[in-house]
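Excluded from the calculations below are hydrogen atoms, water molecules and symmetry mates; all remaining heavy atoms, backbone and side chain alike, are included. Below, chains carry the letters A, B, ... as their sequence lines are ordered, and counting in each starts from 1.
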There are 2 protein chains.
Amino acid sequence: MSHRNLQQEIGKKQPFDSLEQAAILNILRTSDIFHNQFGRLFRPYGLTPSQYNVLRILRGEGKPMPSLEIADRMVQVVPAITGLIDRLQAQNLVKRKRCTEDRRVVYIEITPKALSLLKEIDEPDLNLHRKLIGHLSSDELSELSRLLEKARASLVCTK
Amino acid sequence: MSHRNLQQEIGKKQPFDSLEQAAILNILRTSDIFHNQFGRLFRPYGLTPSQYNVLRILRGEGKPMPSLEIADRMVQVVPAITGLIDRLQAQNLVKRKRCTEDRRVVYIEITPKALSLLKEIDEPDLNLHRKLIGHLSSDELSELSRLLEKARASLVCTK
DNA sequence: GCCGATTAGTTTACACGTAAGATTGTCGCA
DNA sequence: TGCGACAATCTTACGTGTAAACTAATCGGC
(Lines give C-alpha, C1' and ligand atoms only; values in the text may rest on other atoms or scores of the structure.)
Protein backbone atom coordinates (compact mmCIF):
# COMPACT_ATOMS: atom_id res chain seq x y z
CA MET A 1 0.00 0.00 0.00
CA SER A 2 2.07 2.89 -1.25
CA HIS A 3 1.07 6.33 0.00
CA ARG A 4 1.80 8.31 -3.09
CA ASN A 5 0.03 11.60 -3.24
CA LEU A 6 -1.91 12.83 -6.23
CA GLN A 7 1.02 14.58 -7.82
CA GLN A 8 3.10 11.41 -7.94
CA GLU A 9 0.10 9.31 -8.81
CA ILE A 10 -0.63 11.05 -12.08
CA GLY A 11 3.01 11.42 -12.99
CA LYS A 12 3.03 15.18 -12.85
CA LYS A 13 6.48 16.68 -12.71
CA GLN A 14 5.65 20.18 -11.51
CA PRO A 15 3.91 20.92 -8.21
CA PHE A 16 0.33 22.06 -8.46
CA ASP A 17 -0.37 25.67 -9.17
CA SER A 18 -2.53 25.93 -6.09
CA LEU A 19 -4.15 24.11 -3.22
CA GLU A 20 -7.50 24.71 -4.90
CA GLN A 21 -6.41 22.88 -8.00
CA ALA A 22 -5.02 19.97 -6.01
CA ALA A 23 -8.17 19.64 -3.95
CA ILE A 24 -10.47 19.71 -6.95
CA LEU A 25 -8.39 17.17 -8.84
CA ASN A 26 -8.43 14.97 -5.76
CA ILE A 27 -12.20 15.17 -5.58
CA LEU A 28 -12.69 14.36 -9.26
CA ARG A 29 -10.18 11.55 -9.26
CA THR A 30 -11.40 9.89 -6.09
CA SER A 31 -14.95 10.07 -7.32
CA ASP A 32 -14.08 8.50 -10.66
CA ILE A 33 -12.29 5.64 -8.98
CA PHE A 34 -15.10 5.00 -6.51
CA HIS A 35 -17.74 5.25 -9.22
CA ASN A 36 -15.79 2.68 -11.15
CA GLN A 37 -15.68 0.33 -8.17
CA PHE A 38 -19.42 0.52 -7.68
CA GLY A 39 -19.92 -0.05 -11.38
CA ARG A 40 -18.08 -3.35 -11.06
CA LEU A 41 -20.05 -4.30 -7.97
CA PHE A 42 -23.42 -3.79 -9.66
CA ARG A 43 -22.52 -5.25 -13.03
CA PRO A 44 -23.07 -8.91 -12.06
CA TYR A 45 -26.60 -7.96 -11.05
CA GLY A 46 -27.29 -6.36 -14.40
CA LEU A 47 -27.38 -2.85 -12.98
CA THR A 48 -25.38 0.30 -13.62
CA PRO A 49 -24.66 2.75 -10.81
CA SER A 50 -27.34 5.13 -12.09
CA GLN A 51 -29.92 2.39 -12.27
CA TYR A 52 -29.06 1.26 -8.76
CA ASN A 53 -29.33 4.84 -7.62
CA VAL A 54 -32.84 5.20 -9.04
CA LEU A 55 -33.95 1.99 -7.35
CA ARG A 56 -32.48 3.08 -4.02
CA ILE A 57 -34.32 6.37 -4.23
CA LEU A 58 -37.59 4.58 -4.98
CA ARG A 59 -37.10 2.11 -2.14
CA GLY A 60 -36.25 4.93 0.24
CA GLU A 61 -39.33 6.89 -0.71
CA GLY A 62 -41.57 3.88 -0.18
CA LYS A 63 -44.13 4.92 -2.77
CA PRO A 64 -44.32 5.81 -6.47
CA MET A 65 -42.64 9.07 -7.48
CA PRO A 66 -42.88 11.40 -10.49
CA SER A 67 -39.85 10.99 -12.71
CA LEU A 68 -38.78 14.61 -12.34
CA GLU A 69 -38.62 14.21 -8.61
CA ILE A 70 -36.26 11.29 -9.09
CA ALA A 71 -34.12 13.39 -11.39
CA ASP A 72 -33.97 16.14 -8.77
CA ARG A 73 -32.38 13.80 -6.28
CA MET A 74 -29.75 12.74 -8.74
CA VAL A 75 -27.17 15.09 -10.13
CA GLN A 76 -28.29 14.49 -13.68
CA VAL A 77 -30.11 16.81 -15.91
CA VAL A 78 -33.63 15.75 -16.72
CA PRO A 79 -33.52 14.07 -20.15
CA ALA A 80 -31.34 11.22 -19.01
CA ILE A 81 -34.10 9.94 -16.76
CA THR A 82 -36.30 8.83 -19.63
CA GLY A 83 -33.83 6.33 -21.01
CA LEU A 84 -32.88 5.20 -17.54
CA ILE A 85 -36.49 4.40 -16.70
CA ASP A 86 -36.92 2.74 -20.10
CA ARG A 87 -34.13 0.30 -19.34
CA LEU A 88 -35.32 -0.40 -15.82
CA GLN A 89 -38.81 -1.00 -17.14
CA ALA A 90 -37.45 -3.40 -19.76
CA GLN A 91 -35.99 -5.42 -16.88
CA ASN A 92 -39.29 -5.32 -14.98
CA LEU A 93 -37.70 -3.37 -12.16
CA VAL A 94 -40.05 -0.39 -12.33
CA LYS A 95 -43.50 0.42 -13.75
CA ARG A 96 -44.74 3.63 -15.29
CA LYS A 97 -48.14 4.90 -14.21
CA ARG A 98 -49.75 7.92 -15.77
CA CYS A 99 -51.27 10.16 -13.12
CA THR A 100 -55.01 10.59 -13.61
CA GLU A 101 -55.33 14.07 -12.10
CA ASP A 102 -52.48 15.67 -13.97
CA ARG A 103 -51.96 13.64 -17.08
CA ARG A 104 -48.57 15.21 -17.70
CA VAL A 105 -46.88 13.49 -14.80
CA VAL A 106 -45.71 9.91 -14.90
CA TYR A 107 -45.39 8.04 -11.63
CA ILE A 108 -42.59 5.51 -11.32
CA GLU A 109 -43.19 2.51 -9.09
CA ILE A 110 -40.62 -0.03 -7.95
CA THR A 111 -41.51 -3.70 -8.46
CA PRO A 112 -41.13 -6.59 -5.99
CA LYS A 113 -38.49 -8.06 -8.31
CA ALA A 114 -36.42 -4.90 -7.85
CA LEU A 115 -36.89 -4.93 -4.09
CA SER A 116 -35.58 -8.46 -3.84
CA LEU A 117 -32.68 -7.61 -6.14
CA LEU A 118 -31.80 -4.65 -3.92
CA LYS A 119 -31.92 -6.89 -0.87
CA GLU A 120 -29.34 -9.15 -2.50
CA ILE A 121 -27.05 -6.22 -3.17
CA ASP A 122 -27.36 -4.61 0.25
CA GLU A 123 -24.62 -6.58 1.93
CA PRO A 124 -21.99 -6.47 -0.85
CA ASP A 125 -22.73 -2.76 -1.20
CA LEU A 126 -22.14 -2.14 2.49
CA ASN A 127 -18.95 -4.18 2.34
CA LEU A 128 -17.65 -2.12 -0.57
CA HIS A 129 -18.37 1.09 1.32
CA ARG A 130 -16.28 -0.21 4.18
CA LYS A 131 -13.54 -1.45 1.90
CA LEU A 132 -13.27 1.92 0.19
CA ILE A 133 -13.12 4.18 3.20
CA GLY A 134 -13.39 1.95 6.24
CA HIS A 135 -9.77 2.73 7.05
CA LEU A 136 -10.65 6.34 7.88
CA SER A 137 -11.62 7.10 11.46
CA SER A 138 -15.06 8.41 12.39
CA ASP A 139 -13.57 11.83 12.95
CA GLU A 140 -11.94 11.79 9.55
CA LEU A 141 -15.13 10.71 7.83
CA SER A 142 -17.11 13.44 9.52
CA GLU A 143 -14.52 16.02 8.64
CA LEU A 144 -14.42 14.83 5.04
CA SER A 145 -18.18 15.15 4.72
CA ARG A 146 -18.13 18.55 6.37
CA LEU A 147 -15.48 19.87 4.00
CA LEU A 148 -17.26 18.54 0.92
CA GLU A 149 -20.55 20.03 2.05
CA LYS A 150 -18.83 23.32 2.63
CA ALA A 151 -17.24 23.08 -0.80
CA ARG A 152 -20.67 22.69 -2.40
CA ALA A 153 -22.16 25.50 -0.35
CA SER A 154 -21.20 28.14 -2.91
CA LEU A 155 -23.57 26.69 -5.47
CA VAL A 156 -26.17 24.41 -3.94
CA CYS A 157 -28.83 26.75 -5.21
CA THR A 158 -27.49 27.43 -8.67
CA LYS A 159 -27.33 23.65 -9.24
CA MET B 1 -26.34 30.54 0.68
CA SER B 2 -28.13 27.84 2.58
CA HIS B 3 -25.98 25.39 4.48
CA ARG B 4 -28.08 22.32 4.02
CA ASN B 5 -26.16 19.13 4.44
CA LEU B 6 -26.29 16.24 2.02
CA GLN B 7 -29.18 14.54 3.71
CA GLN B 8 -31.45 17.54 3.34
CA GLU B 9 -30.09 18.32 -0.08
CA ILE B 10 -31.21 15.11 -1.70
CA GLY B 11 -34.48 15.03 0.18
CA LYS B 12 -33.70 11.91 2.13
CA LYS B 13 -35.96 11.34 5.07
CA GLN B 14 -33.92 8.81 7.02
CA PRO B 15 -30.44 9.49 8.35
CA PHE B 16 -27.63 7.74 6.57
CA ASP B 17 -26.84 4.19 7.49
CA SER B 18 -23.26 5.08 8.17
CA LEU B 19 -20.63 7.73 8.07
CA GLU B 20 -18.97 5.78 5.26
CA GLN B 21 -22.05 6.02 3.12
CA ALA B 22 -22.46 9.72 3.76
CA ALA B 23 -18.82 10.43 2.93
CA ILE B 24 -18.90 8.45 -0.30
CA LEU B 25 -22.12 10.08 -1.44
CA ASN B 26 -20.61 13.45 -0.65
CA ILE B 27 -17.58 12.66 -2.76
CA LEU B 28 -19.61 11.44 -5.72
CA ARG B 29 -22.07 14.31 -5.57
CA THR B 30 -19.50 17.05 -5.19
CA SER B 31 -17.49 15.61 -8.04
CA ASP B 32 -20.52 15.47 -10.33
CA ILE B 33 -21.39 19.08 -9.62
CA PHE B 34 -17.83 20.30 -10.14
CA HIS B 35 -17.44 18.24 -13.29
CA ASN B 36 -20.59 19.84 -14.58
CA GLN B 37 -19.31 23.33 -13.82
CA PHE B 38 -16.11 22.71 -15.72
CA GLY B 39 -18.10 21.28 -18.60
CA ARG B 40 -19.94 24.58 -18.90
CA LEU B 41 -16.71 26.54 -18.69
CA PHE B 42 -15.07 24.62 -21.54
CA ARG B 43 -18.10 24.38 -23.80
CA PRO B 44 -17.78 27.86 -25.35
CA TYR B 45 -14.27 26.88 -26.43
CA GLY B 46 -15.50 23.72 -28.11
CA LEU B 47 -13.90 21.43 -25.55
CA THR B 48 -15.23 18.83 -23.15
CA PRO B 49 -13.61 18.26 -19.77
CA SER B 50 -11.90 15.11 -21.03
CA GLN B 51 -10.54 16.86 -24.09
CA TYR B 52 -9.25 19.71 -21.98
CA ASN B 53 -7.67 17.19 -19.66
CA VAL B 54 -5.78 15.54 -22.50
CA LEU B 55 -4.49 18.89 -23.75
CA ARG B 56 -3.37 19.90 -20.26
CA ILE B 57 -1.47 16.66 -19.88
CA LEU B 58 0.25 17.19 -23.22
CA ARG B 59 1.14 20.77 -22.41
CA GLY B 60 2.48 19.75 -19.01
CA GLU B 61 4.62 17.03 -20.51
CA GLY B 62 6.10 19.43 -23.04
CA LYS B 63 6.70 16.79 -25.67
CA PRO B 64 4.74 14.16 -27.63
CA MET B 65 3.44 11.21 -25.61
CA PRO B 66 2.23 7.70 -26.45
CA SER B 67 -1.53 7.52 -26.18
CA LEU B 68 -1.49 4.83 -23.52
CA GLU B 69 0.62 7.04 -21.31
CA ILE B 70 -2.04 9.71 -21.60
CA ALA B 71 -4.70 7.19 -20.67
CA ASP B 72 -2.67 6.19 -17.62
CA ARG B 73 -2.81 9.70 -16.28
CA MET B 74 -6.55 9.88 -16.69
CA VAL B 75 -8.95 7.65 -14.86
CA GLN B 76 -10.33 6.21 -18.05
CA VAL B 77 -9.83 2.80 -19.39
CA VAL B 78 -7.83 2.57 -22.59
CA PRO B 79 -10.39 2.33 -25.42
CA ALA B 80 -11.88 5.74 -24.74
CA ILE B 81 -8.63 7.41 -25.67
CA THR B 82 -8.92 6.49 -29.32
CA GLY B 83 -12.11 8.41 -29.92
CA LEU B 84 -10.95 11.27 -27.75
CA ILE B 85 -7.81 11.69 -29.84
CA ASP B 86 -9.85 11.31 -33.02
CA ARG B 87 -12.01 14.30 -32.08
CA LEU B 88 -9.07 16.41 -30.96
CA GLN B 89 -7.32 15.60 -34.22
CA ALA B 90 -10.42 16.59 -36.19
CA GLN B 91 -10.17 20.01 -34.53
CA ASN B 92 -6.46 20.25 -35.34
CA LEU B 93 -5.59 20.31 -31.65
CA VAL B 94 -3.29 17.26 -31.73
CA LYS B 95 -1.38 15.22 -34.29
CA ARG B 96 -0.74 11.50 -34.41
CA LYS B 97 2.79 10.34 -35.22
CA ARG B 98 3.69 6.71 -35.61
CA CYS B 99 6.92 5.87 -33.82
CA THR B 100 9.57 4.52 -36.17
CA GLU B 101 11.41 2.31 -33.70
CA ASP B 102 8.38 0.59 -32.27
CA ARG B 103 5.70 0.79 -34.89
CA ARG B 104 3.02 -0.21 -32.38
CA VAL B 105 3.14 3.05 -30.49
CA VAL B 106 1.47 6.23 -31.63
CA TYR B 107 2.84 9.51 -30.36
CA ILE B 108 0.38 12.32 -29.73
CA GLU B 109 1.63 15.85 -30.23
CA ILE B 110 -0.12 19.04 -29.21
CA THR B 111 -0.45 21.73 -31.88
CA PRO B 112 0.22 25.49 -31.59
CA LYS B 113 -3.50 26.06 -32.10
CA ALA B 114 -4.23 24.01 -28.98
CA LEU B 115 -1.56 25.82 -26.98
CA SER B 116 -3.07 29.18 -27.77
CA LEU B 117 -6.54 27.86 -26.97
CA LEU B 118 -5.29 26.64 -23.60
CA LYS B 119 -3.75 30.00 -22.91
CA GLU B 120 -7.14 31.60 -23.45
CA ILE B 121 -8.75 29.22 -20.99
CA ASP B 122 -6.10 29.49 -18.29
CA GLU B 123 -7.56 32.50 -16.54
CA PRO B 124 -11.25 31.55 -16.56
CA ASP B 125 -10.20 28.08 -15.41
CA LEU B 126 -8.27 29.49 -12.48
CA ASN B 127 -11.19 31.73 -11.61
CA LEU B 128 -13.58 28.80 -11.58
CA HIS B 129 -11.27 26.88 -9.28
CA ARG B 130 -11.34 29.79 -6.87
CA LYS B 131 -15.08 30.22 -7.19
CA LEU B 132 -15.69 26.57 -6.42
CA ILE B 133 -13.54 26.16 -3.35
CA GLY B 134 -11.87 29.50 -2.75
CA HIS B 135 -14.01 29.93 0.35
CA LEU B 136 -12.15 27.11 2.09
CA SER B 137 -9.05 28.03 4.08
CA SER B 138 -5.62 26.73 3.18
CA ASP B 139 -5.76 24.37 6.12
CA GLU B 140 -9.12 23.05 5.03
CA LEU B 141 -7.93 22.52 1.47
CA SER B 142 -4.86 20.65 2.63
CA GLU B 143 -6.91 18.52 4.97
CA LEU B 144 -9.42 17.78 2.23
CA SER B 145 -6.68 16.63 -0.12
CA ARG B 146 -5.06 14.58 2.61
CA LEU B 147 -8.30 12.78 3.43
CA LEU B 148 -9.07 12.06 -0.22
CA GLU B 149 -5.59 10.73 -0.82
CA LYS B 150 -5.92 8.55 2.23
CA ALA B 151 -9.29 7.37 0.97
CA ARG B 152 -7.73 6.25 -2.30
CA ALA B 153 -4.80 4.60 -0.58
CA SER B 154 -6.59 1.27 -0.24
CA LEU B 155 -6.66 0.78 -3.98
CA VAL B 156 -4.14 2.95 -5.79
CA CYS B 157 -2.40 -0.16 -7.01
CA THR B 158 -5.43 -2.20 -7.99
CA LYS B 159 -6.56 0.76 -10.15
C1' DG C 1 14.70 -18.31 -37.75
C1' DC C 2 10.16 -19.65 -35.72
C1' DC C 3 6.26 -19.75 -32.43
C1' DG C 4 3.77 -18.28 -28.49
C1' DA C 5 3.18 -14.53 -25.19
C1' DT C 6 2.90 -9.78 -24.60
C1' DT C 7 1.98 -4.97 -25.72
C1' DA C 8 -0.09 -0.75 -28.20
C1' DG C 9 -3.84 0.54 -30.19
C1' DT C 10 -8.39 0.11 -32.45
C1' DT C 11 -13.19 -1.45 -33.09
C1' DT C 12 -17.79 -2.58 -31.58
C1' DA C 13 -21.79 -2.56 -28.64
C1' DC C 14 -24.13 -0.51 -25.06
C1' DA C 15 -25.33 2.82 -21.17
C1' DC C 16 -24.99 7.47 -19.70
C1' DG C 17 -24.79 12.76 -19.41
C1' DT C 18 -25.73 17.14 -21.78
C1' DA C 19 -28.08 20.56 -24.61
C1' DA C 20 -31.67 21.94 -27.58
C1' DG C 21 -35.97 21.43 -29.18
C1' DA C 22 -40.60 19.14 -29.70
C1' DT C 23 -44.93 17.24 -27.51
C1' DT C 24 -48.53 17.05 -24.64
C1' DG C 25 -51.33 18.57 -20.88
C1' DT C 26 -52.65 22.22 -17.38
C1' DC C 27 -53.64 26.76 -15.79
C1' DG C 28 -54.62 31.74 -15.68
C1' DC C 29 -57.04 35.18 -17.52
C1' DA C 30 -59.68 37.92 -20.63
C1' DT D 1 -64.75 29.61 -24.26
C1' DG D 2 -60.31 30.46 -26.14
C1' DC D 3 -55.48 31.46 -26.02
C1' DG D 4 -50.94 32.05 -24.47
C1' DA D 5 -47.65 30.85 -20.71
C1' DC D 6 -45.91 27.22 -18.29
C1' DA D 7 -44.74 22.41 -16.83
C1' DA D 8 -43.65 17.46 -17.30
C1' DT D 9 -41.85 14.52 -20.31
C1' DC D 10 -39.79 12.75 -24.44
C1' DT D 11 -36.73 12.93 -28.65
C1' DT D 12 -32.51 13.67 -30.98
C1' DA D 13 -27.63 14.38 -31.59
C1' DC D 14 -23.25 14.13 -29.78
C1' DG D 15 -19.32 13.03 -26.64
C1' DT D 16 -17.78 9.90 -23.17
C1' DG D 17 -16.95 5.56 -20.20
C1' DT D 18 -16.97 0.37 -20.01
C1' DA D 19 -16.10 -4.35 -21.49
C1' DA D 20 -14.80 -7.61 -24.87
C1' DA D 21 -12.80 -8.90 -28.97
C1' DC D 22 -9.56 -7.90 -32.60
C1' DT D 23 -5.20 -6.33 -35.26
C1' DA D 24 -0.50 -5.46 -35.65
C1' DA D 25 4.08 -5.26 -33.97
C1' DT D 26 7.63 -6.76 -30.71
C1' DC D 27 9.94 -9.89 -27.62
C1' DG D 28 11.68 -14.23 -25.52
C1' DG D 29 12.87 -18.49 -25.82
C1' DC D 30 14.44 -22.57 -28.09
Nucleotide of [options] approaching [X] most closely (side-chain heavy atoms):
{"X": "Pro79(A)", "options": "dA15(C), dT18(C), dG17(C)", "value": "dT18(C)"}
{"X": "Ser67(A)", "options": "dT9(D), dT16(D), dC16(C)", "value": "dT9(D)"}
{"X": "Leu84(A)", "options": "dG25(C), dC16(C), dG9(C)", "value": "dC16(C)"}
{"X": "Pro66(B)", "options": "dG25(C), dG15(D), dG9(C)", "value": "dG9(C)"}

Notebook entry, point to check: Is Ile81(A) touching bases, backbone alone, or none of the nucleic acid, heavy atoms closer than 4.0 Å?
Noted result: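 Answer is nothing: Ile81(A) stays at 4.0 Å or more from every strand.
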Next item on the list: Tell me what Ser50(B) touches on the nucleic acid: a base, only sugar-phosphate, or nothing, going by heavy atoms under 4.0 Å.
Entry: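 The answer is sugar-phosphate, as Ser50(B) gets under 4.0 Å only of primed atoms, P, OP1 or OP2.
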Output the rounded distance in Å from [atom1] ([X]) to [atom2] ([N]).
{"X": "Arg40(A)", "N": "dT18(D)", "atom1": "CZ", "atom2": "C1'", "result": "9 Å"}
{"X": "Arg104(A)", "N": "dA7(D)", "atom1": "CZ", "atom2": "P", "result": "8 Å"}
{"X": "Arg43(A)", "N": "dA15(C)", "atom1": "CZ", "atom2": "P", "result": "10 Å"}
{"X": "Ile85(A)", "N": "dA8(D)", "atom1": "CD1", "atom2": "P", "result": "16 Å"}
{"X": "Arg98(B)", "N": "dT26(D)", "atom1": "CZ", "atom2": "C1'", "result": "13 Å"}
{"X": "Glu69(A)", "N": "dA8(D)", "atom1": "CD", "atom2": "C1'", "result": "13 Å"}
{"X": "Ile70(A)", "N": "dT9(D)", "atom1": "CD1", "atom2": "P", "result": "9 Å"}
{"X": "Met65(A)", "N": "dA8(D)", "atom1": "CE", "atom2": "C1'", "result": "14 Å"}

Note to self: So does Asn26(A) get a backbone contact from the side chain of Thr30(A), meaning a donor-acceptor N/O pair under 3.5 Å?
What the structure shows: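 Checked: pair present.
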Next item on the list: Between Arg87(A) and Val78(B), name the one whose nearest nucleotide on DNA chain C is closer to the 5' end.
Entry: Val78(B)
Note to self: I'd like to know if Asp122(A) pairs up with Arg59(A) as an ion pair, taking the criterion as any Lys NZ or Arg NE/NH1/NH2 lying under 4.0 Å from an Asp or Glu carboxylate oxygen.
What the structure shows: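 So Asp122(A) pairs with Arg59(A) through a salt bridge.
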Note to self: Between Arg146(B) and Glu140(A) (salt bridge meaning N to carboxylate O under 4.0 Å), is one present in this structure?
What the structure shows: yes
Checklist line | Closest-nucleotide 5' rank along DNA chain D - winner of Thr48(B) and Val106(A) | finding: Val106(A)
Next item on the list: May I have the step-by-step check of salt bridge (charged side-chain N to carboxylate O under 4.0 Å, His left out) for Asp86(A) and Arg96(A), ending in yes or no?
Entry: CA-CA 9 Å; Asp86(A) 284 347; Arg96(A) 273 188 170 91; 3.0 Å; yes
Checklist line | Inter- and intrachain pairs under salt bridge (Lys or Arg N to Asp or Glu O under 4.0 Å), touching residues 108-117 of chain B, at least two apart | finding: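 Of all non-adjacent pairs touching residues 108-117 of chain B, those that pass salt bridge (Lys or Arg N to Asp or Glu O under 4.0 Å) are Lys97(B)-Glu109(B).
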